[in-house]
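Remarks on the structure that follows.
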Amino acid sequence: MKTRHFIALVSIMMAFFLTSCKYDYVVVPKAPPIDPEVPVKFAAEIVPIFTGTNNCIACHKTGGTAPDLTAANAYNSIVPALVNTTDAESSIIYQFAHPSSATHAWKKYSAADAELILVWIKQGAKNN
Ligand code: HEC
């Protein structure tokens, strides 16, 4: 009798124990994935990362701090000096202002900006 009570008690405790672990899944907003097969356009998609709300050109302008990221000069400033098409992740233009970079304290890319730049480099860093 005693053993059966003990087993019943342990079973009840186990049931409580097993049901007490409930995970709350937190949905972290992530940048929508970029289709690597669709060409990323330098003039239409990459340049606005520098000249738009990030305002990289506040400092990186003609006659300012290198690289010159103004629409007219950005491509020649970046390619080939700041890209590595065989190891895209190591490209300076991708790394330097990456959201997780510790090097460039002034301004960082958003996760979506960084992803787009990486795909553009992997596609050959074209002036398209
Ligand atoms: C407030 C001024 C300022 C802003 C805004 C700024 N930068 Fe910079 N950036 C600098 C300075 C100063 C340096 C050079 C010092 C250094 O190497 O750490 C630099 C260096 C760099 C370099 C390294 C160049 C090389 O040849 O090593 C890159 C790439 C760069 N910035 C990209 C960007 C991008 C992309 C943005 C916009 C997201 C941006 N910067 C916004 C001031 C700025």
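Numbering of ligands and ligand atoms starts at 1, following listing order. Quick caveat, the model's predicted, so the values are computed rather than measured.
A donor atom on one side chain and an acceptor atom on the other are found under 3.5 Å apart for Thr86 and Asn84.
Residues Val40 and Asn128 come closest through the heavy atom pair O-ND2, 2.8 Å.
Those atoms of ligand 1 with a heavy atom of Lys107 less than 4.0 angstrom away are 37 (C), 38 (C), 41 (C). Close approach of ligand 1 to Pro67 is summarised as follows: ligand atoms under 4.0 Å from at least one heavy atom of the residue are 22 (C), 24 (C), 28 (C).
Within the 3.5 Å criterion, the main-chain N or O of Val38 finds a donor-acceptor partner in the side chain of Gln123. A donor-acceptor pair is defined here as one N or O able to donate and one able to accept, closer than 3.5 Å; such a pair exists between the side chain of Thr51 and the backbone of Val47. Counting only distance, with no hydrogens or angles, the side chain of Thr70 and the backbone of Lys61 share no donor-acceptor pair below 3.5 Å.
Atom 14 (C) of ligand 1 has Thr65 CG2, 3.9 Å as its closest protein atom, hydrogens excluded (heavy atom only). In terms of protein heavy-atom proximity, atom 34 (C) of ligand 1 is nearest to Cys56 SG, 3.5 Å. Distance from atom 39 (C) of ligand 1 to its nearest protein heavy atom, with residue and atom name: His104 CE1, 3.2 Å. If you check which protein heavy atom lies closest to atom 27 (O) of ligand 1, you get Ile92 CG2, 4.0 Å. In this structure, the protein non-hydrogen atom closest to atom 26 (O) of ligand 1 is Leu82 CD2, 3.6 Å. The protein atom (non-hydrogen) at minimum distance from atom 19 (C) of ligand 1 is His60 CE1, 3.4 Å.
Atom CZ of Phe42 and atom CH2 of Trp120 lie 5.0 Å apart (nearest 0.5 Å). For the atom pair CG of Asn127 and CD1 of Ile46, the computed distance is 11.5 Å after rounding to the nearest 0.5 Å.
Counting heavy atoms under 4.0 Å from ligand 1, residue Asp113 does not touch it at all.
Comparing Ser77, Ala81, Cys59, Ala105 against atom 3 (C) of ligand 1, the shortest heavy-atom distance belongs to Cys59. The closest heavy-atom contact to atom 10 (C) of ligand 1, among the options Phe96, Trp106, Tyr109, Tyr94, comes from Trp106.
The aromatic rings of Tyr109 and Phe50 sit tilted, their planes meeting at an angle between 30° and 60°.
The closest approach between Ala58 and ligand 1 stays at or above 4.0 Å for every heavy atom of the residue.
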